[in-house]
Amino acid sequence: MSEGAMSIADRYEPAAVEARWYPEWEKRGYFHTEADRPGPAYCIVIPPPNVTGSLHMGHALVNTLQDIMIRMKRMDGFNTLWMPGTDHAGIATQYMVERQLASEGRTKEDLGRAAFQARVWRWKEQYGGTIIRQLRRLGASCDWQRERFTMDEGLSRAVRETFVRLYDEGLIYRDDYIVNWCPRCQTVLADLEVEREERDAEFVYITYGPLVLGTVRPETKLGDTGLAVHPGDARYTQYVGQTLDIPSVDGNILVKVVADEAVDPDFGTGVIKVTPGHDPVDFEIGRRHGLPVRTVIGFDGKMTAAAGKYAGLDRFECRKKIVEDMQALGLIDRIEPYRHAVGLCYRCKTVVEPLVSKQWYVQVKPLADAADAAVHDGRITILPPHWAKVFHQWMENIRPWCISRQLWWGHRIPVWYCDADEKVFVSRTDLGACPSCGGALRQDEDVLDTWFSSGLWPFSTLGWPDDTPELRTFYPTAVLITGYDILLFWVVRMAMLGLHLVGEVPFRDVYLHTLVRDPEGQKMSKTKGNVVDPLDLLDKYGTDALRFMLASMVLPGARDIRISEERLEGARNFANKLWNAARLVLSNLEGYDPRAGAAAADSVTDRWIRRRLAITVAEVRDALERYRFNDAASVLYQFVWSDYCDWYLEIAKRSLYRPESPAARQATQITLVTVLEETLRLLHPLMPFITEEIWQRLPHEGDSIMVASYPTAVVLPTDEAVDRFVALAMGAVSAIRNIRGEMRISPGTTLSVTIRPTAADAAVLAEHRTLIEALGRAAIVVDPAATRPKGSALGIVGASELFVDLAGVIDVGAERQRLQKEIKRVGDAMGFTRTKLGRPEFVERAPADIVDKEREKLAEHEALHAKLIASLGWLSE
RNA sequence: AGGCUCGUAGCUCAGUGGGAGAGCGCCUCUCUGACGCAGAGGAGGUCGGCGGUUCGAAACCGCCCGAGCCUACCA
């Protein structure tokens, strides 16, 4: 196996490795599972990306995290299912296809509903698979055989079932209510779909007969059906209940003055105009006081016939015009600059128009209460915990959910109207004729909010409403991993609907990751031009590097992560480091024999690296269980780079190149291979490709690292020999290197070193003399009776002293400086500890073990300090 | 308006009750038979400010300053 090893490239080349292994894994069926496979179930449903989407950094992150958990659990013997799929994304997709049509000079109306839908489906077949292909490049081990789409047959059935059930329970109803209307998208928007943005505006004070009031929307004056003041406002009590006949832009109008708590007497003049047709607050006031609704702005954003001479004008042009007209008529008292928040459509950023229209709603309050309770009592755990507060707040103040949308792409509302007998039918199946009169039926024109179907995702993808083996096995799912930005859109809906419809929470844990930003902390957006395409990064640095970088940056916290190519370079370098470590191992396997090696006793260095690995395994497992991806990554990084490469490989080279005996060489080979092999398994969930590639080249058991076992944490009994080795042998190497560095001596120079050990340290230092010589590049004499040679630098190892002979080379000034610095450092620490121990309250009240530790520390410092002072004196002679 | 989060080395960030850490950058030395995408050494911090709790605070509490996010019907 060594012949091949020599031909391995000295840099890790990800492209070929990734192209080879992913199809192989998929072909062998490693991603797929069945409900009846052995092992406890572990299921994650993917947050379904929009079919319109292509992979961005957010996807790269969320899917890397899911894949890490899935791969870890799969290796750990769980029956693991990662359910993939895409979302039809109503508005987004329709918008996309409409734009395509526009480029052909056509509108969706030209095509008609059926042809337009067919066109969208065609678009979906053509482009909808993009993101799914890209997820494969990420290494995502989804069960692609089970891929779903929110508008496929099964999920459509789940949607209808849900609608009918909720309707039958009286939780779905239709209402004339004021809604957020997007004049561009021609659809209603849920409150959550309206974005707020601060904008400068004019605050126009208008004279209403004897009263003056301020408004930012003078054009809605035409829809005024009343004026309102606060009930306790003494200035205006005389007008309450009166109907005023006042001059306006189009002759006189009649407005009733009402008293309502919603009015803030301290804002403006304390009087407001009530426009129930175009303002949510006014709508409520109007309902309370029986004021009529007058719609003066239409669904197209233009003034309606009810606006009289302004009919047909755009609402913003009308605003200008009406102010001019009022000014001419002397109806404007004054105009002040004003800054306030306007509502924008989350899709197209058009200013939303509040309008009264008939829409379908879900009364979600009872469902919200149940979901709220599930989080309170721990059936659902939200991480990081502070998001639970946001969740509760939302649930406590939840309002009816408007679910109808005036789109053509989506789940059409399963409601049919009979015009003959004015009956309404809600049905699981399509209805042809009126069940009561046999007359013609027409189906509701609207479709459902996209989130209505994605809210069913965790169970609809498992076969609900049927009682399938998948549903029984994999529901509730283990964890939902998603960004905090869709907590309220998506997570709350799944929690509510899952509990209500299936009777059990949809997921045990919700892990909300932070968002990905550019290196300056800016949100990535196409308009800013700061979008980083993960595919470019995958090409440039490799999938494993990107995954490792993302994992190392994400932790359950509040801070968004900033990706940068420098961080990515670090991850790529790490992959390369691992690659080269493997090259070293692979090229030194002549004579490798696991049985012969097993007979040989482990050396202390072998025991040391195994202990370090055992600790690393425990830490990585713990970190992943707690979704501390950054901890897992940094622990692995540290182990591979510092422990395995910097120390162990350097130590192992001695017995590889100049072995004391063939058995010692074989024992080292065994450790090299087995530790590396286990490390690869531990690292595999984070870096699937490189670990598989190396693992296949190493001596191993099994077909693939993907289906090998995940390393198990073991607690090893204490090993004093290892502890002494670390403190003395490794300590001596560090001390020599430290002096070399400080004295600026070339690494090529072999140093002459005398070690004067204490009685306790003598044997260990003598035992590891050659190792210290090799790693410290020194010729060493261990002599308990040694005297410090003239012109030498002093190093401290444990309680022993180490003299580096620098006669002729030494820079006495530099050495003296170094010593003085060291003395100061130790002295400061000593002083601090002494002061602490000198305070009676510390000794009396601190825990005994802490006090003991402080005493030991002080003793050590004092001894060291004395030694250093003596040494300085010697140097000055 | 309410709520949440953050302020630690030049930069990006870990650390949440017992003497400040990582990566990158910087400085010095090395071309050593896995790797220069490398090796060895080093410099650099009154942990935003002020109070409090504690034997002990970067960490816990309060206030202030600064940055950001979410939710909200102040026209």
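In what follows, every chain begins at residue 1, and chains take the letters A, B, ... in the order their sequences are listed.
Within the structure, every side-chain polar atom (N or O) of Arg740(A) is placed at least 4.0 Å from both OP1 and OP2 of rG41(B). Residue Tyr657(A) has a polar side-chain atom (N or O) positioned under 4.0 Å from OP1 or OP2 of rA34(B). Dashed line: the shortest gap from a side-chain N or O of Lys577(A) to OP1 or OP2 of rA38(B) is not under 4.0 Å. In terms of phosphate contacts, Arg839(A) brings no side-chain nitrogen or oxygen within less than 4.0 Å of OP1 or OP2 of rC55(B). OP1 or OP2 of rA38(B) has not a single side-chain nitrogen or oxygen of Asn576(A) nearer than 4.0 Å. Neither OP1 nor OP2 of rG42(B) sits under 4.0 Å from any side-chain N or O of Arg818(A).
The separation between Met743(A) atom CE and rA40(B) atom P is 19 Å, rounded to whole Å. Remark: P of rC69(B) and CG of Leu487(A) are 18 Å apart, rounded to the nearest angstrom. In this structure, Arg559(A) places its CZ atom 11 Å from C1' of rG68(B), rounding to the nearest Å. The separation between Glu396(A) atom CD and rC4(B) atom P is 13 Å, rounded to whole Å. Straight-line distance from the CZ atom of Arg737(A) to the C1' atom of rU32(B): 12 Å, rounded to whole Å. The CD-C1' distance, from Glu195(A) to rC69(B), rounds to 13 Å in whole Å. The CD-P distance, from Glu13(A) to rA34(B), rounds to 20 Å in whole Å. Atoms CG (Leu656(A)) and C1' (rA34(B)) sit 11 Å apart, rounded to a whole Å.
Side-chain to base pairing of Glu650(A) with rA34(B): one donor and one acceptor N or O lie within less than 3.5 Å of each other.
Nucleic acid contact class of Leu555(A) (heavy atoms, under 4.0 Å, all strands): sugar-phosphate only. Among the atoms of the strands shown, base atoms are found under 4.0 Å from some heavy atom of Pro847(A). Among the protein residues, Arg562(A) comes within range of the sugar-phosphate backbone only, with heavy atoms under 4.0 Å from sugar or phosphate atoms but none that close to a base. Within 4.0 Å of Lys653(A), counting heavy atoms only, lies at least one base atom of the nucleic acid. Across all strands, Asp646(A) comes closer than 4.0 Å only to sugar-phosphate atoms, never to a base (heavy-atom distances). Heavy atoms of His392(A) sit nowhere under 4.0 angstrom from any nucleic acid atom.
Partners of Tyr208(A) by ring pair (Phe, Tyr, Trp, His ring centres under 6.0 Å), not counting sequence neighbours: none found. Scanning for ring pair (Phe, Tyr, Trp, His ring centres under 6.0 Å) contacts around Trp641(A) gives Tyr637(A), with sequence neighbours left out. Under the salt bridge (charged side-chain N to carboxylate O under 4.0 Å, His left out) criterion, Glu742(A) pairs with no residue, sequence neighbours left out. Asp233(A) meets the side-chain hydrogen bond (donor to acceptor under 3.5 Å, both in side chains) test with Arg235(A); sequence neighbours excluded. Under the rule for a salt bridge (charged side-chain N to carboxylate O under 4.0 Å, His left out), Arg744(A) has no partner lying at least two apart in sequence or in another chain. Residues satisfying the salt bridge (charged side-chain N to carboxylate O under 4.0 Å, His left out) test with Arg547(A), not counting sequence neighbours, are Asp67(A). Partners of Arg287(A) according to the salt bridge (charged side-chain N to carboxylate O under 4.0 Å, His left out) rule, which considers only residues two or more places apart in sequence or in another chain, are Asp175(A).
Of the two residues contacting RNA chain B, namely Leu584(A) and His386(A), the nearest-nucleotide position lying further toward the 5' end is that of His386(A). Positionally, the nearest nucleotide of RNA chain B for Asp828(A) lies more toward the 5' end than for the other of Phe842(A) and Asp828(A).
Base pairing in RNA chain B gives the following stems of 3 or more Watson-Crick or G-U pairs, range against range and under 3.5 Å: B:1-7 with B:65-71, B:10-13 with B:21-24, B:26-30 with B:38-42, B:48-52 with B:60-64.
Taking atom C1' in both rG56(B) and rA22(B), the straight-line distance is 26 Å, to the nearest Å. A distance of about 15 Å separates the P atoms of rC13(B) and rC69(B), rounded to the whole Å. Distance check on atom C1': rU53(B) versus rC63(B) gives 15 Å, rounded to whole Å. rC64(B) and rA72(B) have their P atoms separated by 26 Å, with the value rounded to a whole Å. As rounded to the nearest Å, rC26(B) and rA59(B) have P atoms that lie 33 Å from one another. Straight-line distance between the P atoms of rA40(B) and rC31(B): roughly 16 Å, to the nearest whole Å. Taking the P atoms as reference points, rG49(B) lies 10 Å from rU8(B), given to the whole Å. Straight-line distance between the P atoms of rG2(B) and rU54(B): roughly 32 Å, to the nearest whole Å.
The closest side-chain donor-acceptor pair between Arg217(A) and Thr275(A), if any, does not fall under 3.5 angstrom. There is a side-chain donor-acceptor pair under 3.5 Å between Asp372(A) and His392(A).
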With the sugar-phosphate defined as primed atoms, P, OP1 and OP2, and the base as all remaining atoms, what B/S/- string results for nucleotides 22-29 of chain B, 5' to 3', for protein heavy atoms under 4.0 Å? ------SB

Summarise protein proximity over nucleotides 70-75 of chain B in one line of letters, 5' to 3': B for base, S for sugar-phosphate only, - for none, counting protein heavy atoms closer than 4.0 Å. SSSBBB

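Residues in residues 731-740 of chain A take part in these side-chain hydrogen bond (donor to acceptor under 3.5 Å, both in side chains) pairs, two or more places apart or across chains: Asn738(A)-Arg818(A).
Taking a 6.0 Å sphere around CD of Glu566(A), one finds it holds 12 or fewer heavy atoms contributed by other residues, nucleotides or ligands.
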Can you give each donor-acceptor pair under 3.5 Å made by side-chain atoms of residues 627-636 of chain A, sequence neighbours left out, with the distance rounded to 0.1 Å?
unit_1, atom_1, unit_2, atom_2, d
Tyr627(A), OH, Asp509(A), OD2, 2.8
Arg628(A), NE, Asp631(A), OD2, 2.9
Arg628(A), NH2, Asp631(A), OD2, 3.2
Ser634(A), OG, Asp631(A), O, 3.4

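Distances were taken from every side-chain heavy atom of Arg517(A) (C-beta onward) to each of rC69(B), rC35(B), rC55(B); the shortest belongs to rC69(B). Relative to the side chain of Ile850(A), the nucleotides rG18(B), rU12(B), rA34(B) differ in distance, and rG18(B) lies closest.
Salt-bridge formation is detected for the pair Asp828(A)/Lys824(A): a Lys NZ or Arg NE/NH1/NH2 atom is positioned less than 4.0 Å from an Asp or Glu carboxylate oxygen. Under a 4.0 Å N-O distance rule, the pair Glu650(A)/Lys653(A) qualifies as a salt bridge.
Tyr338(A) and Tyr205(A) have their aromatic ring centers separated by at least 6.0 angstrom.
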